[in-house]
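Remarks on the structure that follows.
When a ligand or atom number is given, it counts from 1 through the structure's own listing order. Here, residue 1 is the first one in the sequence, and each next residue gets the next number. The figures here come from the full heavy-atom set of this structure, side chains too, leaving out hydrogens, waters and symmetry mates.
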Amino acid sequence: MTGDITMESENYMTARAYCLTAAFWFAVATSFGILAASYLVAPDFMANIAFLEFGRIRPIHVNLVLFGFVTPGLLGAAHYLVPRLMQTRLYSQKLGLITVLLWNVAVAAGMIGLSLGHTTGREYAELIWPVKILIVIGFGLIGANLFLTIRQRKEPILYVSVWYVCAAVVMTGVTYFIGNVVWEPETGALLGISDAVLLWFYGHNIFGLLLTPLSLAVAYYVIPKVTRNPLYSHTLSILGFWGLLVVYTHIGTHHLLQVPVPTWLKVIAIVDSVAMVIPVMVFLINIWYTARGKLGEIHADIAGKFIFTGTIMYFFVSIQGSMMALPNVQRITHFTNWVIGHSHIGVLGFAGMISLGGMYYVLPRITDKPLYSRFLADLQYWLILIGVVGFTIVLTAAGLIQGNAWLNGETIYRVLPEIHVYYVIRLAIGVFIVIGAYIGLYNVIRTLYWNPGAES
Ligand code: HEM
Ligand code: HEM
């Protein structure tokens, strides 16, 4: 499938740059996560420091994990696996490097803007207009480079990972443009309730049409490689691909079940959220059957370990998501920490874990040397796993307390002392993740630039 391609490391400058980008912003993003969590424990701690207010550091944290860490990590793997699968080289490393540079300028400018208070106030679409334009151009350049790579391919068959990468880049480029209302530079928004519908069409597509397809592309590539098993079923992989595209695009309104949007739209969102079980299970059955009998190999390979764990998290976050879209469940869980728990299982446990696994898969291959330290990568794996499981338990418990209080008509300020202890535990658990992120950054830098060779 992958052919015999010479592996000089210059061939993978773009993938290297994406890996470094992801590792760097992961460390910065988790530092802001810790700050946000500290703020919720002790709001007076940072009082009167405008750029450290919760309303500013929360979107910084969220945008950094999405656009600084998870997406570039997955794109790093994509810029390795697409040329490999097509038995060719990336169309242009120069274009790739310019894109990574532009992407980093956009992320940094967006974060400086947010810390200075420049925001549209629309979740996942907070960034100011010039930054949005840079991101749209970024998606365009990524798409051009990958499609031109595919055009010069020597392998006629398009393996499912290539489908997923192309879909992610094209669909997100388009939905990013529409969802951010870039033709309205002043506000970046439509008027009234239609803006909410559009925003959440776009908002959930960031998970459903960007992070999910890129993660599935990486899993579909790495799991067969690590287990040395052929993919269980190509038919299932294509069925899952079209299932995901058809169903995921209609579920954004499940964020608005408590809002006066048209009922028919809510019904479509709820029905399709439950129907998500089909593409999710089709993927999981396919990938888990591929790994059948090879758990030893997965355990022994750090990339396999991260990615396989990511698939388990995908199972949990999706089942939980389908449940949360049911009005009776959401009446309790909405506006509570339950949802924050779901976000961290999805973005960190599923997509973040696969992003890290993808990076650890490609790093030794693009540098032609083993990872600087397998031990540090393993340590990072455990710190993040403990962190994400801990977050899930604590935030779910806090969410249920909040949800019940809400259902009983209690006022918010009476509930806050009850959940304070959970905020303290979340802060403590966050330290594990932030340490894991810095360890990862060190390991990536050493692997790329200062790696004496095997050391494990
Ligand atoms: C079958 C798949 C999924 C379904 C049906 C689903 C469903 C939901 C629902 C109903 C909400 C809104 C909860 C509320 O506001 O009360 C939600 C929020 C969220 N979901 Fe999912 N989810 C799924 C998978 C995922 C995945 C894979 C990710 C991450 C990669 C993810 C990330 C998020 C995030 C970050 C939010 C919070 C959005 C916000 O309010 O800021 N979800 N999901
Ligand atoms: C040091 C570790 C981390 C800490 C302490 C932390 C803390 C937080 C806090 C306090 C919030 C705001 C919650 C609220 O509004 O009540 C948040 C939101 C969020 N975090 Fe983290 N976080 C950490 C790591 C991560 C990582 C690594 C990811 C993803 C890779 C992530 C993804 C998110 C997302 C998507 C949201 C938005 C949730 C929503 O709106 O539903 N976090 N985080």
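- The aromatic rings of W183 and F177 are tilted relative to each other, their planes meeting at an angle between 30° and 60°.
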Please walk me through it: do Y202 and Y176 pass ring pair (Phe, Tyr, Trp, His ring centres under 6.0 Å)?
-> CA-CA 7 Å; Y202 152 76; Y176 190 90; 5.7 Å; yes
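- Ligand 1 has no N or O atom lying under 3.5 Å from any N or O atom of W200, backbone or side chain.
- Distances between N or O atoms of T333 and those of ligand 1 include no value under 3.5 Å.
- The angle subtended at atom 21 (Fe) of ligand 2 by NE2 of H344 and NE2 of H61 is 170°, given to the nearest 10°.
- Considering backbone and side-chain atoms together, E123 places an N or O closer than 3.5 Å to an N or O of ligand 2.
- With a 4.0 Å cut-off on non-hydrogen atoms, V65 touches ligand 2 through its side chain and not its backbone.
- Within the structure, ligand 2 has F26 among the residues with a heavy atom less than 4.0 angstrom away.
- Residues Y164 and S215 bring no donor and acceptor atom of their side chains to less than 3.5 Å of each other.
- With a 4.0 Å heavy-atom cut-off, ligand 2 is reached by the side chain of F54 but not by its N, CA, C or O.
- Aromatic rings from Y39 and F45 are positioned such that their centres are separated by 6.0 Å or more.
- Partner T447 forms a side-chain contact (heavy atoms from CB on, under 4.5 Å) with one of L20, L371, I366, L376 and no other, that one being L371.
- Neither the backbone nor the side chain of F335 comes within 4.0 Å of ligand 1, counting heavy atoms alone.
- Of the protein's heavy atoms, Y248 OH, 3.4 Å lies nearest to atom 24 (C) of ligand 1.
- Protein heavy atom at the shortest distance from atom 8 (C) of ligand 1 is H254 NE2, 3.3 Å.
- Of all the heavy atoms of Q330, the ones lying under 4.0 Å from any atom of ligand 1 belong exclusively to the side chain.
- Ring pair F283/W288: centre-to-centre distance not below 6.0 Å.
- Ion pairing between D378 and R374 holds under the 4.0 Å rule for side-chain N and carboxylate O.
- Under a 4.0 angstrom heavy-atom cut-off, F32 registers as lying outside contact with ligand 2.
- Not a single heavy atom of Y39 sits closer than 4.0 Å to an atom of ligand 2.
- Taking the six-membered ring for Trp and the full ring otherwise, the centers of W25 and F69 sit at least 6.0 Å from each other.
- Salt-bridge formation is not detected for the pair E126/R56: no Lys NZ or Arg NE/NH1/NH2 atom is positioned less than 4.0 Å from an Asp or Glu carboxylate oxygen.
- Shown here is L191, whose CG atom has no more than 12 heavy atoms of other residues, nucleotides or ligands within 6.0 Å.
- In the vicinity of H334, heavy-atom distances shorter than 4.0 Å reach the ligand 1 atoms 14 (C), 15 (O), 16 (O).
- Protein heavy atom at the shortest distance from atom 1 (C) of ligand 1 is M276 CB, 3.3 Å.
- In this structure, the ring of Y12 has its center less than 6.0 angstrom from the ring center of Y80.
- Contacts between Y124 and ligand 2, counted as non-hydrogen atom pairs separated by less than 4.0 Å, involve the side chain only.
- Note on ring orientation: taking the six-membered ring where Trp is involved, the planes of H255 and H204 are tilted (angle from 30° to 60°).
- In this structure, the ring of F308 has its center no less than 6.0 angstrom from the ring center of H299.
- Screening residues 265-284 for side-chain hydrogen bond (donor to acceptor under 3.5 Å, both in side chains) gives H250-D272, H254-S273 as the qualifying pairs, with residues at least two apart or on separate chains.
- Only the side chain of V62 comes within 4.0 Å of ligand 2, judged by heavy-atom distances.
- Compare M313, H255, R331 by their heavy atoms: the one nearest to atom 12 (C) of ligand 1 is in H255.
- Excluding waters, the set of protein N/O/S atoms under 2.8 Å from atom 21 (Fe) of ligand 1 reads H342 NE2.
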